[in-house]
Amino acid sequence: MRAQLARVDAVLIQAVIAAALSFAHLHDIASAAGQGGWKAWAYPISVDLLLVAAWRRLRSGEAKAAGWCWFVIALTASLGANVATAGLLDMNHVPAWLRILVAGWPAVAFLGGTLLAHSAPTTLDQAADPDKDNEVHDRAEAPEPHPEPPAHPAAEQEPPERPALPVPAALVAHARKVAAEHHTRTGTPIDTPTLRTRLGVPEPMAEAIATHL
């Protein structure tokens with residue numbers, strides 16, 4: 001336990017030292033570039049916040065390309081300030097391009113922080129609502145109830161008898177002649193489809209005529 005606390009304390013101390021030095025270097029660069037007063041102190045805060053936002057996006061596992069892009073931009077600004085203040089830059093005569101970079105940094109940091117912190121997550125809405133997901137899952141696994149068979153099956157109802165159609169006597173007499181001619185020619189009684197075809201009447205009428213033969 002003590003070894004773990006010592007390791008954590010060492011890491012925290014190292015992080016505090018690195019943050020303080022980087023903070024001071026960024027402040028010196030901003031002050032040398034013409035950003036005096038409270039503005040010089042706001043620049044290192046802006047860089048550190050962008051680093052934190054990029055690191056959180058990388059840890060979340062979403063949109064890693066954007067996270068790495070803004071992490072490299074913020075890290076370049078921090079490292080650039082550290083290297084520039086190590087004697088490589090004349091703090092009394094800052095070049096124009098560096099003044100332009102320092103003046104444009106707030107807009108760049110605001111854009112990066114907004115894209116990293118307020119972009120829509122790629123996870124599904126069901127992941128944010130576990131109760132709804134569980135409800136859908138339980139509904140999918142629940143077996144469908146099977147209808148129980150009736151205790152006493154209902155008796156099959158016989159189709160109602162078709163009412164007899166009135167058939168004219170003349171048509172019955174003609175049908176008898178046609179039936180006799182068919183029996184004489186074929187030797188078999190005439191069936192209803194043949195009778196219907198010979199007489200040219202609808203099927204119900206042919207069936208009614210056949211009952212009179």
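Nothing here was measured: the structure is a model prediction, and the numbers come from that model.
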Rounded to the nearest 0.5 Å, what separates atom [atom1] in [X] from atom [atom2] in [Y]?
{"X": "Trp55", "Y": "Trp68", "atom1": "CH2", "atom2": "CH2", "answer": "7.0 Å"}
{"X": "Lys39", "Y": "His27", "atom1": "NZ", "atom2": "NE2", "answer": "12.0 Å"}
{"X": "Leu116", "Y": "Arg56", "atom1": "CG", "atom2": "CZ", "answer": "11.0 Å"}
{"X": "Ile190", "Y": "Arg176", "atom1": "CD1", "atom2": "CZ", "answer": "14.0 Å"}
{"X": "Ile45", "Y": "Leu26", "atom1": "CD1", "atom2": "CG", "answer": "11.0 Å"}
{"X": "Ile29", "Y": "Leu98", "atom1": "CD1", "atom2": "CG", "answer": "5.5 Å"}

Polar side-chain atom of [X] near backbone of [Y] as donor-acceptor pair, under 3.5 Å:
{"X": "Thr76", "Y": "Val72", "value": "yes"}
{"X": "Thr197", "Y": "Pro193", "value": "yes"}
{"X": "Ser78", "Y": "Leu75", "value": "no"}

**Fill in**
Correct closest heavy-atom pair for Ala54 and Gly67 would be CB-O, 3.5 Å
**Fill in**
Looking only at heavy atoms, the pair that brings Gly113 and Leu50 closest together is N-CD1, 3.7 Å
**Request:** State, with a plain yes or no, whether a side-chain heavy atom of Trp70 is found less than 4.5 Å away from one of Leu58.
**Result:** no
**Message:** With a 4.5 Å cut-off on side-chain heavy atoms, are Gln35 and Val102 touching?
**Reply:** yes
**Message:** Looking at Arg59, I want to see if its CZ is surrounded by more than 12 non-hydrogen atoms of other residues, nucleotides or ligands under 6.0 Å.
**Reply:** no
**Asked** Side chains of Ser31 and Asp28: is there a donor and an acceptor less than 3.5 Å apart?
**Response** no
